[in-house]
Amino acid sequence: MQQTPQIVAIGSDHAGPALKEVLIAAMQAAGHDVIDCGTDGPASVDYPDFAAAVVDQVLTGRAAFGVLVCGTGIGMAMAANRCPGIRAAVLHDTTEARLTRAHNDANVACFGARTIGPETALDSLTSFLATPYEGGRHERRVAKLSAADAALRAS
Ligand code: RB5
């Protein structure tokens with residue numbers, strides 16, 4: 001993991017602490033600042049609570065990106081994407097990671113600790129953090145996501 005240092009907030013539910021630790025160690029070794037929002041053990045918790053903690057770090061600008069781990073990554077993505085301004089994607093490989101940054105300007109990466117191995121998760125996160133948003137033809141589409149967020153806020 002070799003890239004421009006970023007501040008990254010990370011959180012998991014009880015399915016994810018082991019993968020979370022692997023991702024934190026790799027990000028720190030690469031020079032990123034990591035805000036660990038928990039959870040840290042096997043006690044059962046609710047993934048929306050940890051998604052909310054990470055999303056708050058991103059939406060307030062304390063972190064540039066968020067990383068969320070649960071059993072599948074899906075519950076975390078569902079929770080995160082309910083928050084206006086968040087564009088969360090479940091990642092299974094480096095291609096999804098690169099393209100969701102380049103095309104969707106994704107700001108939260110979600111992983112399934114029960115569905116992806118640590119090497120693949122690490123490679124995907126490296127690709128996610130290293131890829132800039134392309135803008136250009138994607139601006140109009142991402143702007144429509146932002147407009148939908150604004151409409152939700154107003155409703
Ligand atoms: C917890 O058992 C599991 O349901 C959760 O980690 C996640 O996979 C939900 O999407």
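Ligands are counted one by one from 1 in listed order, and the atoms in each one are counted from 1 as well.
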### Summary
ligand 1 atoms nearer than 4.0 angstrom to some heavy atom of A15 are 6 (O)
### Task
Before signing off on this row, confirm whether G75 and ligand 1 have an N or O atom pair separated by under 3.5 Å.
yes
### Message
Could you see if M76 belongs to whatever hydrophobic cluster contains L91? Use Ile, Leu, Val, Met, Phe, Trp, Tyr and a side-chain cutoff under 4.5 Å.
### Response
no
### Query
Please state which protein non-hydrogen atom is closest to atom 5 (C) of ligand 1 and give its distance, to 0.1 Å?
D13 OD2, 3.1 Å
### Query
Given the protein's heavy atoms, is any one of them under 4.0 Å from atom 2 (O) of ligand 1?
yes
### Query
Atoms of ligand 1 less than 4.0 Å from T72 heavy atoms?
8 (O), 10 (O)
### Query
Do G71 and ligand 1 have an N or O pair less than 3.5 Å apart?
yes
### Task
Would you mind running through ligand 1 and noting each atom that sits below 4.0 Å from a heavy atom of C70?
6 (O), 7 (C), 8 (O), 9 (C), 10 (O)
#### Entry: Minimum heavy-atom distance G31-P5, with the two atoms named
O-CB, 3.5 Å
### Query
Taking all atoms of both residues into account, what is the closest heavy-atom pair of D40 and K20, and its distance?
OD1-NZ, 2.9 Å
### Query
How far apart are the C-alpha atoms of L23 and I10, what are their side-chain angles, what is the distance that settles it, and do they pass the side-chain contact (heavy atoms from CB on, under 4.5 Å) test?
CA-CA 9 Å; L23 299 178; I10 188 168; 4.0 Å; yes
### Query
Does an N or O anywhere in Y47 fall below 3.5 Å from an N or O of ligand 1?
no
### Message
Please determine whether any non-hydrogen atom of H14 lies less than 4.0 Å from an atom of ligand 1.
### Response
yes
### Residue pair C37 / F50: nearest heavy atoms and the distance that separates them
O-CD2, 3.4 Å
### Query
Above 12 or not: heavy atoms from other molecules or residues under 6.0 Å from CZ of R140?
no
Exercise answer: donor-acceptor pairs, residues 78-87 side-chain atoms, under 3.5 Å, sequence neighbours excluded:
residue, atom, partner, partner atom, Å
N81, OD1, A88, N, 2.8
N81, ND2, A77, O, 3.2
N81, ND2, A88, O, 3.0
R82, NH1, M78, O, 3.2
R87, NE, N104, O, 3.2
R87, NE, D105, O, 2.9
R87, NH2, D105, O, 3.0
R87, NH2, D105, OD2, 3.3

